[in-house]
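All values below were derived from every heavy atom in this structure, side-chain atoms included, with hydrogens, water molecules and symmetry-related copies excluded. The structure presented is a predicted model; accordingly, all values stated were derived computationally and were not measured. Order of listing sets the numbers, starting from 1, for every ligand and every atom in it.
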Amino acid sequence: MLYNVDDRPVGIFDSGFGGLTVVKAIADLMPGEDLIYFGDSARYPYGPKPREEVLRYSLEICDFLIDSFDVKMIVVACNTASSFALDTIVEKYSLPIVGMIEPGAKSLVSAATSNRVGVIGTVGTISSGAYQEILTDIAPHLEVTCAATPGFVEFVERGELESDQLLVLAERLLRPILDGDVSSLLLGCTHYPFLARTISKVLGDGVTLISSAEETAFSVRQLLIEYLLVTSRTKGSFRAITSGDVEEFRRIGRSLLGLDFSTVTSHKVDR
Ligand code: DGL
């Protein structure tokens, strides 16, 4: 049997804390892998920004992860960056790349309990049409209601996961999802699983909330196996880097996820 290993780290990035939901799923599934996470807190939110800007940020971050850490794979743990930049990233770099849209769509299709499903995401993700397009391709029988939920990301970045203001905003932005009478809702932004309690308070028990973090972790594992890149270690490490304030990243990151945030370092970016 051909047996190859590669102990280099896996690089993962997002605009801030959202991609940590994906980090957690990867760490649970592949505890031996070293994970390097870049949270672009200085430039969040990506959702309202034009495509060119998100593309530029994404390419800068990929260069940084490759040049500074020699990562063996990149996980674009951001739906907005995946919608706007994944094709270019795949074309430009010769290492395996995993984005969020395909795992997200697959998670939704396999969890759907009726023909009516929903997707929420940032303005960028929803207006790009990425989910609408892939769902039409892989599950044309589904009736998909999409809604952008601007403002959700900012609550997560402040570490504010439940509050009256958030509830009022959620009641307003999730109206189209309620009107669409959906049975399953894909949280099409990696920040949103942190808001699951509030979202489900608004939508009620009849709507199943779906995060794509686990499916993304399975895609990562499949590609690592396929490219003979699985580590030989049994226990990996986690290291976070932020373009924002290190202390705040450590404090909020720990409160959100409980991962070991002892190694958070800073990397400055141009705005
Ligand atoms: N968590 C990201 C996403 O999945 C980005 C959110 C943002 O910065 O607006 O879309």
Suppose we measure from [atom] to each protein heavy atom; which comes out shortest, and what is that distance?
atom: atom 6 (C) of ligand 1; value: V153 CG2, 3.5 Å
atom: atom 10 (O) of ligand 1; value: T80 OG1, 2.7 Å
atom: atom 4 (O) of ligand 1; value: N79 N, 2.8 Å

Interfacing atoms of ligand 1 (cut-off 4.0 Å, heavy-atom, [X]):
X: G47; result: 7 (C), 8 (O), 9 (O)
X: Y46; result: 7 (C), 8 (O), 9 (O)
X: T122; result: 6 (C), 9 (O), 10 (O)

Taking heavy atoms and a distance under 4.0 Å, where does [X] meet ligand 1: side chain, backbone, both or neither?
X: T190; result: both
X: D14; result: side chain
X: S15; result: side chain

- request: Would you check whether H191 has a nitrogen or oxygen atom less than 3.5 angstrom from a nitrogen or oxygen atom of ligand 1?
  value: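 N/O-N/O distance below 3.5 Å exists for this pair.
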Query raised in the report: Any N or O of P45 that comes nearer than 3.5 Å to an N or O of ligand 1?
Result: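 By distance alone, the answer is no.
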| said: Is the distance between the ring centroids of F194 and F17 under 6.0 Å? | reply: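 Judged by ring-centre distance (under 6.0 Å), F17 and F194 do not meet the cut-off.
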query: Do S41 and D245 have side-chain atoms, one donor and one acceptor, less than 3.5 Å apart?
result: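 Looking only at side-chain atoms, D245 and S41 do not form any donor-acceptor pair under 3.5 Å.
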Inter-residue atom distance L95.CG - L229.CG, 0.5 Å rounding: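 Taking CG in L95 and CG in L229, the distance rounds to 8.5 Å.
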Exercise. Could you give the distance from CD1 (I120) to CG (N79), rounded to the nearest 0.5 Å?
Worked result: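 These two atoms lie 10.5 Å from each other.
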**Asked** Is it true that the NZ or CZ of R251 lies under 6.0 Å from the centre of F249's six-membered ring and within 45 degrees of the ring axis?
**Response**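 Because its charged atom misses either the 6.0 Å distance or the 45° angle limit, R251 does not stack over F249.
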Parallel, tilted or perpendicular, as decided by the 30° and 60° cut-offs, for the rings of H267 and F64: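 If you compare the ring of F64 with that of H267, the planes turn out parallel.
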Checklist entry - side chain to side chain contact (heavy atoms under 4.5 Å, CB included) with V119: which of I177, L135, V182, T125? => result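 By the side chain to side chain contact (heavy atoms under 4.5 Å, CB included) criterion, V119 pairs with just one of I177, L135, V182, T125: L135.
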Does K268 have more than 12 heavy atoms from other residues, nucleotides or ligands lying within 6.0 Å of its NZ?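 Yes.
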